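Heads up, the thing below is written out as structure tokens.
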2 protein chains.
Amino acid sequence: MSAGEPKVSASSGGYAKGRARREQIVALAAEAYGDVGYHGASLREIAKRAGISHVGLLYYFPNREALLAAVLERRDEQDSALLAPRVSSPRAVVQHLLDLAEHNARHAGMVDLYVRLAAEAVAEDHPAHSYFVEHYASTRAYVQRALGELAEQGMLREGVDAQAAAAGFVALMDGLQVQWLTSPGEVDMAGVLRAYVQQLLREPLQ
Amino acid sequence: MSAGEPKVSASSGGYAKGRARREQIVALAAEAYGDVGYHGASLREIAKRAGISHVGLLYYFPNREALLAAVLERRDEQDSALLAPRVSSPRAVVQHLLDLAEHNARHAGMVDLYVRLAAEAVAEDHPAHSYFVEHYASTRAYVQRALGELAEQGMLREGVDAQAAAAGFVALMDGLQVQWLTSPGEVDMAGVLRAYVQQLLREPLQ
DNA sequence: CCTACCGATCGGTAGG
DNA sequence: CCTACCGATCGGTAGG
């Protein structure tokens, strides 16, 4: 072990500091992607926000894509904490998705990051493409499962197809975010989502 | 009028040829935006598709933004031809929007252009920002008007708010396009839209 | 429409 | 973490 290397000590060690710094950089990068998109956020731009050189960034991440991957990982961790509550009845899931929409409305930066990346990542060779393929599949499955259970309990209107309704719910959420970011104040995200869900249910929510 | 200038003759004049070439370039640019996004489509990339140098492009358009503006103008012309049929009953409008979704599903390039630009243009300083602000406002108004007339004829379910439902319809269309581009085959755009409309109506369509 | 060229910016490497 | 540097690419101008 050479002299200048940080130690893995349990006390106050350099590794913990490095990890914290890394996480701080990931948060700043997420902000930058939200502000100017992935394409627009150069390593130099992000580095400036972190107060280092762009080469300093490459000390923490091997290349630009690795930084993006870290940002997406972080987003998933935060979201799953929000999305997957401990106790989950179907109605609770629906309520949680509505809560998530209200939560998003208070965090425009994250919504912006998500909307821009999702559109860029439509291209098959985009570094975040497979992330979004999986993201959509699992989100659809999550909502579909909740709707399916509501159906079993006879809570859905007749003629409602859980699969189509789930894809619709996810699409609605995405589309509302674009409209809302484009003209905030013109669109009530949670309100439209609630109206959508009401139309699926035999009896109104709450 | 100087000697080298093309004439505005009604016969076979240079202007007509220039205009045709210009339109051809706009079409090629739209394709390029669809393939790699506005950010990704450099003047050199588009010029290559047109078989000229990137400076040749600047002979037809003063700068990069002017080319984008021309592409958006063209899209609007094509869309309004599709969107605004001669005879327009409310039900016809709804049917036309469903038709438009089916039309889109056969023209992935245009959808791609639209989705990518809409996301990029969320930024207030994006050259296409005001275009999308107006696009969303007018599309929402268009759908809302149709739904309002359906409501007057007692064709909407009780509790359906035309304004929220219109924003929802537009959002659904946008969101479905992203999912469909990301994983074609996983999402049936027209099917989900039809299901949405059915839920709004007292009696099923057709 | 062209060639030639500009200043700016990009991601990444060498070497410490 | 840094400086110094690389080759590639960008939109745009000069001048024809």
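Nothing here was measured: the structure is a model prediction, and the numbers come from that model. We name chains A, B, ... by the order of the sequence lines, and we start the count at 1 in each one.
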Donor-acceptor contact below 3.5 Å, side chain [X] vs main chain [Y]:
X      : Y      : answer
B:S183 : B:E186 : no
B:S138 : B:H135 : yes
A:H96  : A:A92  : yes
B:H129 : B:A121 : yes
B:Y196 : B:A165 : yes

query: Is it true that B:R49 and B:E45 have a side-chain N and a carboxylate O under 4.0 angstrom from each other?
result: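 Yes, charged N to carboxylate O under 4.0 Å.
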- prompt: Looking only at heavy atoms, what is the nearest atom pair of A:L28 and A:A50, with distance?
  reply: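 In this case the closest contact between A:L28 and A:A50 is CD1-CA, 3.8 Å.
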message: How many whole angstroms separate atom CZ of B:R21 from atom C1' of C:dC1?
response: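 Those two atoms, CZ and C1', are 10 Å apart.
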statement: Parsed dot-bracket for DNA chain C after applying the Watson-Crick and G-U rules with both distances under 3.5 Å and | for other-strand partners is ||||||||||||||||
Between protein and nucleotides 10-12 of chain C, what N or O pairs are separated by less than 3.5 Å?
| unit_1 | atom_1 | unit_2 | atom_2 | d |
| --- | --- | --- | --- | --- |
| C:dC10 | OP1 | A:S42 | OG | 2.9 |
| C:dG11 | OP1 | A:L43 | N | 3.4 |
| C:dG11 | OP1 | A:R64 | NE | 2.9 |
| C:dG11 | OP2 | A:L43 | N | 2.9 |
| C:dG11 | N7 | A:R44 | NH1 | 2.8 |
| C:dG11 | O6 | A:R44 | NH2 | 3.1 |
| C:dG12 | OP2 | A:R64 | N | 2.9 |
| C:dG12 | N7 | A:H54 | NE2 | 2.8 |
| C:dG12 | O6 | A:H54 | NE2 | 3.0 |

query: Does the ring pair (Phe, Tyr, Trp, His ring centres under 6.0 Å) test come out yes or no for A:H126 and A:Y38, once each step is laid out?
result: CA-CA 11 Å; A:H126 192 283; A:Y38 174 65; 5.5 Å; yes
query: Within the pair A:Y60 and D:dC1, is there a side-chain N or O less than 4.0 Å away from OP1 or OP2?
result: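 Looking at the OP1 and OP2 atoms of D:dC1, one of them is under 4.0 Å from a side-chain N or O of A:Y60.
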